[in-house]
Amino acid sequence: MFDYPTIRFIWWLLVGLLLIGFAIMDGHDMGVGTLLPFVGRTDGERRVLLNTIGPHWEGNQVWFITGGGALFASWPLVYATAFSGFYWAMLLVLWALFFRPVGFDYRSKLQDPRWRGFWDWGLFVGGAVPPLVFGIAFGNLFLGVPFQFDDTLRVTYSGSFWALLNPFGLLSGLVASAMLTFQGATYLIVRTEGAIQQRARRAAQWSGLATVLLFVAAGFWVRTMAGYVIVAGASPSAPSNPLAKVVTEGQGAWLANYAQWPWLWAVPLLAIVAALAGVALSRSGRGVAAFVASSLTQAGVIVTAGASLFPFVLPSSLHPNSSLTVWDATSSLGTLNIMFWGAIIFTPIIVLYTGWCYRVMRGKVTVEGVESSHSAY
């Protein structure tokens with residue numbers, strides 16, 4: 001079994017891996033939903049888009065659900081505090097996601113263009129709103145979340161939903177929206193052909209370039225932003241107690257890890273290079289390679305944000321000493337070790353099963369094929 005500092009760090013990596021899996025797998029579903037009203041010009045073309053993700057989107061939700069479960073089990077204080085602070089944001093995501101199962105099942109039940117048009121825009125909301133909200137919430141981590149713990153570790157949150165909609169939070173939301181739209185567009189290049197594929201290629205190019213520009217802009221903003229630094233306490237081997245440390249504010253502190261470990265600069269560079277490569281590959285119609293490049297972009301952006309915040313997980317702007325970190329917000333040593341072996345067993349099973357599903361249902365989706373099938377969406 002691992003010691004406490006090691007298993008805490010491992011779980012930081014595992015939660016990050018689940019976030020990357022969500023961005024890559026459920027991200028291309030949401031990206032297709034975002035592009036649905038624009039890449040699909042006719043009813044038949046929109047049905048093609050829906051059938052590229054229809055067999056897989058429910059399975060890809062596993063990454064989202066597993067991420068929430070892992071957060072609850074490994075970082076219970078983070079789970080409780082985040083769901084208190086981002087309560088209305090989470091409800092907005094949930095309400096947007098309601099459109100997905102209902103839209104897939106009901107859209108083609110009637111021939112009425114108004115009925116189908118309503119569900120098309122509903123599926124657009126279900127694809128576009130969650131990435132935007134997740135990005136806004138993640139951006140607010142860099143600004144600090146207004147919460148604090150009392151002596152009995154009861155949390156008090158003093159913010160509001162509207163306070164989350166600050167300029168940097170909105171910029172972060174646009175980064176997330178652009179990168180997941182990029183993911184969806186490159187996926188469509190792989191699964192479609194003809195006019196639909198041409199529009200998907202154009203969408204991949206502008207969304208990829210938007211990802212690079214917005215990501216770089218956010219990076220320069222973080223460079224001028226005040227961050228947090230632990231100056232005492234937060235022992236990696238001590239029991240979890242977020243109040244057993246001293247945290248101060250420091251200008252440019254979110255780049256301290258990059259100054260200490262210069263090799264970390266390779267991560268944001270990977271995100272930028274992969275995005276530009278994905279744009280070039282999309283332009284030439286090399287869909288599979290473009291999708292791989294887009295997936296590397298998702299990983300690069302997420303790891304860049306995580307490495308900047310480390311060891312902070314949920315910083316507090318109201319009472320910095322209450323900030324939650326990798327070293328003081330986790331479950332017990334025994335719990336983390338037991339869950340680790342569960343993750344080691346079941347994560348490869350999920351990956352292998354998902355890969356098998358995509359292999360079985362590979363190939364191009366066409367208008368003719370959809371219209372001739374009685375089981376198509």
Side-chain angles (χ1 to χ4, degrees), residues 21-68 90-134 177 180-193 196-197 199-200 203 291 350 353-377:
F22 169 74
I24 292 174
M25 302 307 298
D26 212 14
H28 74 253
D29 292 346
M30 292 182 178
V32 172
T34 302
L35 293 169
L36 179 64
F38 311 106
V39 172
R41 301 288 176 82
T42 66
D43 179 69
E45 290 180 346
R46 292 178 180 178
R47 289 185 67 191
V48 167
L49 266 65
L50 292 179
N51 281 276
T52 62
I53 59 175
H56 307 291
W57 75 270
E58 289 179 292
N60 290 337
Q61 290 285 103
V62 168
W63 293 97
F64 180 51
I65 296 169
T66 305
M90 295 296 181
L91 279 182
L92 180 59
V93 170
L94 182 62
W95 292 333
L97 290 176
F98 285 162
F99 282 104
R100 300 182 76 192
V102 183
F104 275 104
D105 286 340
Y106 287 171
R107 181 196 179 275
S108 296
K109 297 293 185 184
L110 299 178
Q111 295 289 338
D112 189 344
R114 293 171 299 178
W115 171 267
R116 294 189 173 187
F118 170 81
W119 288 115
D120 287 340
W121 285 104
L123 288 165
F124 166 78
V125 170
V129 170
L132 180 65
V133 175
F134 287 142
S177 295
L180 265 64
T181 302
F182 184 37
Q183 186 75 356
T186 56
Y187 178 74
L188 286 176
I189 297 173
V190 178
R191 297 300 309 277
T192 63
E193 59 185 19
I196 302 175
Q197 188 189 68
R199 296 187 203 111
F291 183 76
I350 294 172
Y353 176 74
T354 302
W356 177 79
C357 290
Y358 274 87
R359 184 181 183 280
V360 169
M361 289 176 272
R362 67 189 182 278
K364 302 289 186 180
V365 181
T366 64
V367 175
E368 294 76 15
V370 169
E371 291 179 345
S372 63
S373 172
H374 297 292
S375 59
Y377 289 104

Closest non-hydrogen atom pair, Pro55 against Met361: CB-SD, 3.3 Å
Euclidean distance, Arg41 CZ relative to Arg199 CZ, rounded to 0.5 Å: 4.5 Å
Asn51 (side chain) donor-acceptor with Arg47 (main chain) under 3.5 angstrom: yes
Residue pair Trp119 / Phe99, side-chain heavy-atom distance below 4.5 Å: yes
Asp112 to Arg114 - nearest heavy-atom pair and separation: OD1-N, 3.0 Å
Interatomic spacing from CD in Gln183 to CE in Met25 - rounded to 0.5 Å: 9.0 Å
Minimum heavy-atom distance between Phe134 and Phe22, given as atom pair plus value: CE1-CZ, 3.7 Å
Ring center gap for Phe124 and Trp121 short of 6.0 angstrom: yes
Passing candidate, side chain to side chain contact (heavy atoms under 4.5 Å, CB included) with Thr34, options Val125, Thr181, Asp29: Thr181
Straight-line distance of Leu132 CG to Leu180 CG, nearest 0.5 Å: 11.0 Å
Gln197 versus Thr192, closest heavy-atom pair with distance: NE2-O, 3.1 Å
Where Met30 and Gly126 come nearest, the two heavy atoms and their spacing: CG-O, 4.4 Å
Separation between CZ of Phe291 and CG of Leu188, rounded to the nearest 0.5 Å: 10.5 Å
Any Leu97 side-chain heavy atom under 4.5 Å of Pro130 side chain: yes
Neighbour count >12 (heavy atoms, 6.0 Å) for atom OH, Tyr353: no
Leu49 to Leu35 - nearest heavy-atom pair and separation: CD2-O, 4.2 Å
Given Val365, Leu123, Val370, the one that forms side chain to side chain contact (heavy atoms under 4.5 Å, CB included) with Leu50: Leu123
Side-chain heavy atoms of Ile53 within contact of Tyr187, under 4.5 Å: yes
Ile196/Val39 under side chain to side chain contact (heavy atoms under 4.5 Å, CB included): CA gap, chis, key distance, verdict: CA-CA 6 Å; Ile196 302 175; Val39 172; 3.9 Å; yes
Aromatic ring pairing Tyr358/His28, orientation class (parallel under 30°, perpendicular over 60°, tilted between): perpendicular
Between CH2 on residue Trp115 and CG on residue Leu110, distance to nearest 0.5 Å: 5.5 Å
Distance, nearest 0.5 Å, that separates CZ of Arg191 from OG1 of Thr366: 11.0 Å
